Amino acid sequence: MSGVWVYVENHGGVVSTISKEAIGAARLVADELGEDLTGLVFGENVSGVAETAFDLGCDEVLGADDATLKGARVEAQGPLLVELAKEHEPAVIIAGASTRGRDLTAWAAADLDAGLMTDCTAIEVDGETVKATRAVYAGKLLSTVFITGGTQIISLRSRAFPQAVSTGNSGTAEWVDAAVDEDDIPSKITGFEEKGSGVSLTDASIIVSGGRGVGGPEGFAPVRELADTLGGALGASRAAVDAGWIPYDHQVGQTGKTVSPDLYIACGISGAIQHQAGMRTSKIIVAINKDPEAPIFKLAQYGIVGDLFEVVPALTEAFKERL
Ligand SMILES: Cc1cc2nc3c(=O)[nH]c(=O)nc-3n(C[C@H](O)[C@H](O)[C@H](O)COP(=O)(O)OP(=O)(O)OC[C@H]3O[C@@H](n4cnc5c(N)ncnc54)[C@H](O)[C@@H]3O)c2cc1C
């Protein structure tokens, strides 16, 4: 087995941020193993994505350009990845732990009977083995794991690795046919709906989140204003989502999104273990809560005990003045 592969996820021909991080990490793994790095480019009209993959540091690109590969259908992309991996037997396959990356790596691991290390926050090469760090027990512990044989499949948590940068590299991609026909794919795509133009929660370097403490949908207004002032994204606890105050897209936590921003400001959130599971790897955590005993204060580097409806607008004003 030889070679390191990295899945180059794209949306409408644009390489996703999490894939740039995966390429950066995969490049380091390939260099340490003394192997070539191959970018996997699947989609429709993706020749530009292949160019970007070379530019971001891939030595080779293995691609398939077909209408069946558009969108996030694992039933189309999974068999292709498996077919290619059976033919080429790569030592390592790396992808970002996005929804698509998680689907695809799980599919490939199952069909290749290979080991899978998911949602890793650090990786290091030891001989021919990649050792990965991943959070377990809802983030309470970090475990170090490795795979003892076969292709090592790894998905990487968003914002845990620096993005690959332009190298000026170029090359010629190898294009193959898609593995399945449209008629054989059980799920159909009926359309795509663009979400709002706000900052993406998983890509955001600053997140301001509101919980049950905001008291209702209108209570998110000051939280949103602080997020906008800081150029950040708006998050929420499940309690706020379940109450119907804000859409699920904003939920942070075990059953929501896992985020690792530079700054996470929790407003009126108690800090339940399931919420912490999605945000405890944030670099700086600030908690605003009127209950000094709230568990979130044990996790936060900075805590403000007070009413969020007084504290949050005051912070917004202060940031507006400074910024
Ligand atoms: C299987 C499972 C999965 C789950 N997944 C998730 C998940 O993904 N994400 C998630 O968040 N939760 C999740 N939960 C729910 C979790 O257990 C908590 O119920 C939830 O996180 C609580 O949300 P909260 O902190 O907003 O509400 P609460 O726990 O009710 O806390 C509200 C806080 O607001 C404070 N407050 C009230 N008014 C103000 C004010 N005016 N100013 C300042 N502070 C104020 C209160 O002191 C309190 O600390 C899950 C639960 C289960 C069982």
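Counting starts at 1 for both ligands and their atoms, in listed order. Given the structure is predicted, the values throughout are model-derived calculations rather than measurements.
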> May I ask you to list the atoms of ligand 1 that are less than 4.0 angstrom from any heavy atom of Gln251?
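Contacts of ligand 1 toward Gln251, numbered from 1: 6 (C), 7 (C), 8 (O), 9 (N).
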> Tell me: protein heavy atom nearest atom 37 (C) of ligand 1, and distance?
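Of every protein heavy atom, Gly213 CA, 3.4 Å lies nearest to atom 37 (C) of ligand 1.
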> Do any nitrogen or oxygen atoms of Phe309 lie less than 3.5 angstrom from nitrogen or oxygen atoms of ligand 1?
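Not met; the criterion fails.
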> Do NZ/NE/NH1/NH2 and the carboxylate oxygens of Asp228 and Arg224 come within less than 4.0 Å?
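No.
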> Does any pair with a residue in residues 68-93 pass salt bridge (Lys or Arg N to Asp or Glu O under 4.0 Å), and if so which ones, sequence neighbours excluded?
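For residues 68-93: Arg73-Glu182.
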> To check your reading of the model: name the closest protein heavy atom to atom 32 (C) of ligand 1, its residue, and the distance in Å.
Gly268 O, 3.5 Å
> Which one of Arg157, Glu9, His11 satisfies the side-chain hydrogen bond (donor to acceptor under 3.5 Å, both in side chains) criterion with Ser98?
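Only match with Ser98 under side-chain hydrogen bond (donor to acceptor under 3.5 Å, both in side chains): Glu9.
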> Hydrophobic cluster mates of Val136, side-chain heavy atoms under 4.5 angstrom, ILVMFWY only, any path?
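Besides Val136, the hydrophobic cluster comprises Tyr137, Leu141, listed by chain and residue number.
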> My understanding is that only one of Val208, Ile265, Val305, Val223 makes a side chain to side chain contact (heavy atoms under 4.5 Å, CB included) with Ile288; could you say which?
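Filter result, single survivor: Ile265.
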> Evaluate the criterion side-chain hydrogen bond (donor to acceptor under 3.5 Å, both in side chains) for residue pair Thr202 and Arg159; output intermediate values, then yes/no.
CA-CA 8 Å; Thr202 41; Arg159 290 186 54 80; over 6 Å; no
> For atom 41 (N) of ligand 1, which protein heavy atom lies nearest, and how many Å away is it?
Asp307 OD1, 3.1 Å
> Using distance alone, decide if ligand 1 has a nitrogen or oxygen within less than 3.5 Å of any nitrogen or oxygen in Val252.
yes
> Within the structure, does at least one protein heavy atom fall under 4.0 Å of atom 19 (O) of ligand 1?
no
> Quick one: look up the protein heavy atom nearest atom 14 (N) of ligand 1 and list residue, atom name and how far away it is.
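Looking at atom 14 (N) of ligand 1, the protein heavy atom closest to it is Gln274 CB, 3.5 Å.
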> So, does Gly215 sit close enough to ligand 1 that a heavy atom of it is under 4.0 Å from the ligand?
no
> Output the list of atoms in ligand 1 that are nearer than 4.0 Å to some heavy atom of Gly211, sorted by atom number.
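Those atoms are 26 (O).
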> Counting only heavy atoms closer than 4.0 Å, does ligand 1 sit against the backbone of Ile273, its side chain, both, or neither?
neither
> How close do Thr281 and Ser260 get, counting heavy atoms only, and between which atoms?
OG1-OG, 2.6 Å
> Taking non-hydrogen atoms only, is Ala272 closer than 4.0 angstrom to ligand 1 via side chain, backbone, both or neither?
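Under 4.0 Å from ligand 1, Ala272 contributes side-chain atoms alone.
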> Before accepting this row, confirm whether a basic side-chain N of the pair Lys283/Asp262 lies closer than 4.0 Å to the acidic partner's carboxylate O.
yes
> Can you name the one residue among Val4, Val29, Val92 that meets side chain to side chain contact (heavy atoms under 4.5 Å, CB included) with Gln152?
Val92
> For atom 4 (C) of ligand 1, what's the nearest protein heavy-atom neighbour? Residue, atom name and distance, please.
Arg238 NH1, 3.1 Å
